Amino acid sequence: QVQLVESGGGLVQAGGSLRLSCAASVRTFSNYAMAWFRQAPGKEREFVGSISWSGGTTYYADSVKGRFTISRDNGKNMVYLQMYSLKPEDTAIYYCAATRTLLGPRGPSGYDYWGQGTQVTVSS
């Protein structure tokens, strides 16, 4: 079993930045690809970005490419989402997800473990 706990959300003005963290409780964290998803009110959960087990490969949604960066620290069982140039449309609950593979898919159904989410609100 993998337990994921997100933190770092909050309220920020447009143009600001936030860093989300996700702590994983698992013995072999490096066996898992990780991803961030988000869900705005009334919308489906959408892919934000993913990172391979080693951290060597990352993918991003077009909507966040160039503004968001995913990284991981396998020694600390942590994955991060650094967000810059935030926009009001980035407002959502952000979820951390894990799957036991080298690099996970973009669809949420490909992930077996989820955190409880952290709220990000960007004011205009």
Side-chain angles (χ1 to χ4, degrees):
Q1 284 287 0
V2 180
Q3 291 186 324
L4 303 173
V5 179
E6 302 95 335
S7 61
L11 174 64
V12 63
Q13 288 188 333
S17 62
L18 277 176
R19 189 177 85 151
L20 305 184
S21 299
C22 174
S25 297
V26 62
R27 190 161 58 180
T28 53
F29 179 63
S30 59
N31 285 352
Y32 292 82
M34 303 296 295
W36 288 94
F37 288 80
R38 65 187 183 186
Q39 188 165 18
K43 294 188 177 181
E44 293 187 352
R45 192 167 297 191
E46 67 170 352
F47 174 80
V48 173
S50 61
I51 187 166
S52 62
W53 64 277
S54 68
T57 302
T58 54
Y59 291 118
Y60 299 95
D62 288 343
S63 59
V64 306
K65 200 173 295 183
R67 299 188 298 122
F68 290 10
T69 301
I70 295 177
S71 61
R72 67 189 294 163
D73 184 337
N74 286 346
K76 295 182 179 179
N77 284 20
M78 296 290 295
V79 63
Y80 306 99
L81 180 66
Q82 179 67 57
M83 305 184 291
Y84 296 104
S85 302
L86 282 161
K87 305 175 182 180
E89 52 263 44
D90 294 319
T91 296
I93 299 175
Y94 283 71
Y95 297 92
C96 175
T99 184
R100 191 180 173 94
T101 187
L102 298 181
L103 180 63
R106 292 176 178 246
S109 62
Y111 293 83
D112 303 304
Y113 305 99
W114 293 83
Q116 82 290 347
T118 185
Q119 176 71 49
V120 172
T121 303
V122 184
S123 63
S124 57

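Keep in mind it's a predicted model, so treat the numbers as computed, not measured. Position 1 is the first residue of the sequence, and the numbers go up from there.
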Flag, side chain of [X] to backbone of [Y], donor-acceptor distance under 3.5 Å:
{"X": "N31", "Y": "R100", "result": "no"}
{"X": "R72", "Y": "S52", "result": "yes"}
{"X": "N77", "Y": "V26", "result": "yes"}
{"X": "E6", "Y": "G117", "result": "yes"}
{"X": "D90", "Y": "A14", "result": "no"}

Item to check | The single option from L103, L4, L81, I70 passing side chain to side chain contact (heavy atoms under 4.5 Å, CB included) against M34 | outcome: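 The passing option is L4.
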Item to check | Member of V48, V64, I51 meeting the side chain to side chain contact (heavy atoms under 4.5 Å, CB included) criterion with W36 | outcome: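 Of the listed residues V48, V64, I51, the side chain to side chain contact (heavy atoms under 4.5 Å, CB included) partner of W36 is V48.
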Side-chain contact test, heavy atoms from C-beta onward, threshold under 4.5 Å: evaluate it for [X] versus [Y] and give yes or no.
{"X": "Q119", "Y": "T91", "value": "yes"}
{"X": "M78", "Y": "S21", "value": "yes"}
{"X": "W53", "Y": "T101", "value": "no"}

Next on the checklist: We want to know whether R67 and Y84 form a side-chain donor-acceptor pair, criterion being a heavy-atom distance below 3.5 angstrom.
Outcome noted: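 On atom types as modelled, these side chains do not qualify, holding no pair under 3.5 Å.
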Checklist entry - Hey, would you say the F47 and Y59 ring centroids sit under 6.0 Å apart? => result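 No.
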Next on the checklist: Ignoring hydrogens, what is the shortest heavy-atom contact between G110 and P105? Give both atom names and the distance.
Outcome noted: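 Heavy atoms only, the tightest pair is CA-CG, 3.6 Å.
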Next on the checklist: Which label fits F37 and Y111: parallel for a plane angle under 30°, tilted from 30 to 60°, or perpendicular past 60°?
Outcome noted: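 If you compare the ring of F37 with that of Y111, the planes turn out perpendicular.
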